[in-house]
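Below is one structure, written out as structure tokens; comments come after it.
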Amino acid sequence: MTPQIRPLSANLQRVAIEELNEVPERLDADIETLRTWLKQQPHLRARSDDQFLVAFLRGCKFSLEKAKSKLDKFYTLRTRYPDFYTIRDVDSQRLHELLRLGVGLRLPRPLHDDGPRIIYVRPGSYAADKYTFEEIMGVSHALSALSLQHDDYAVIYGCLLILDFSGYTAAHLLQLTPSIVKKMSVFAEEAMPIRDKGRHMINTNAVFERGFNMMHSLLPAKEQSRISVHGSNLESLYKHIPQKYLPTHLGGEQGTIEELKQQTWDIFMEQREYLRTEADYGVDETLRPAGQSCDYESIFGVDGSFRKLDFD
């Protein structure tokens, strides 16, 4: 039986075979093995269509055990902390306001036109006295999950983040806690089957520096090694991401902020019903086999903050 998935371009297929251990002739059997395992998990209500499952297999380089682990953690964390990892109400006016702000913007062309998906993030673009960081992350995680179904460049090559700290203030930083940093890190490393291809920080300021120095140590060494801080030196950024692959205001050809916001809104509207059905999936901890649970409360710890920082 032929898997019900989008056909890949010749180059994407080559990368899937050479770098992700994909064997096209075995793909249907691999997907079916993962689907059979899902059916045997009494606590898991998971999507089981071919396109969704192949994203986990590719993101785990076709290690079945890693794919199982990520699928379980993906739904476990989304069920345990829904406000942080999901959109609860796709019809909410407040959600629509958040989407219109364009805090996280997917750039239309991948790096080198056939490489990692580039995500442009603006952590200082929302009013910190109006919206919480949890709300921002709920939208971010929900939109990121769409890439599992709809973005072969993200699934096969991974994602490259540009974080632009223009407008970032102490009020934004004070919304962060060690617990929140760990929630972001654990989900990215242990639940999402999309590879982190690097994070580039630009237009950083004194507030960022103070927060970064404290938060950096909370991240695993692998994550720390993927972070590059460029300050206001865009020439330094261009060495990693050629200028034309940036948004217009950064000298690139990927569109204006308003155009990118509209594209994000269009994607949301197009996938609105899919996002609505996300609420149908998750875990029921009362049905989880004994000895398989994970105490995320102890991993994430208490919600202390960085309020001891002295901001001038």
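As a basis for the values below, the full set of heavy atoms in this structure was taken, side chains included, without hydrogen atoms, waters or symmetry mates.
When every heavy atom of A55 is checked against every heavy atom of P193, the shortest pair comes out as O-CB, 3.7 Å.
The pair D196-R226 meets the salt-bridge criterion, since a charged nitrogen lies less than 4.0 angstrom from a carboxylate oxygen.
Although no hydrogens or angles enter the test, the distance criterion places a donor-acceptor pair under 3.5 Å between the side chain of T248 and the main chain of G255.
Using a 4.5 Å heavy-atom cutoff, the side chains of M184 and M137 are in contact.
A donor-acceptor pair shorter than 3.5 Å can be found between the side chains of Y131 and E97. A side-chain donor from one of Q175 and Y126 sits under 3.5 Å from a side-chain acceptor of the other. Under the 3.5 Å distance criterion, with hydrogens and angles disregarded, no donor-acceptor pair is assigned to the side chains of S9 and R14. Judged by distance alone, the side chains of N205 and E209 never bring a donor and an acceptor atom under 3.5 Å apart. A donor-acceptor contact closer than 3.5 angstrom is absent between the side chains of E285 and H43.
Taking the ring axis of F84 as reference, the NZ or CZ atom of K183 stays within 45° of it and closer than 6.0 Å to the ring centre. Figure legend: cation-pi geometry between R109 and Y153 absent, as NZ or CZ is not positioned both under 6.0 Å from the six-membered ring centre and within 45° of its axis.
Between Y75 and F52, the two ring planes are tilted [angle within 30° to 60°]. Note on ring orientation: taking the six-membered ring where Trp is involved, the planes of Y168 and F165 are perpendicular (angle over 60°, cut-offs 30° and 60°). Relative orientation of the H141 and F187 rings is perpendicular, given thresholds of 30° and 60° on the angle between their planes. Ring planes of F212 and F208: parallel class, angle under 30° (limits at 30 and 60°).
Under the 4.5 Å side-chain contact rule for hydrophobic residues, L64 and I17 do not share a cluster.
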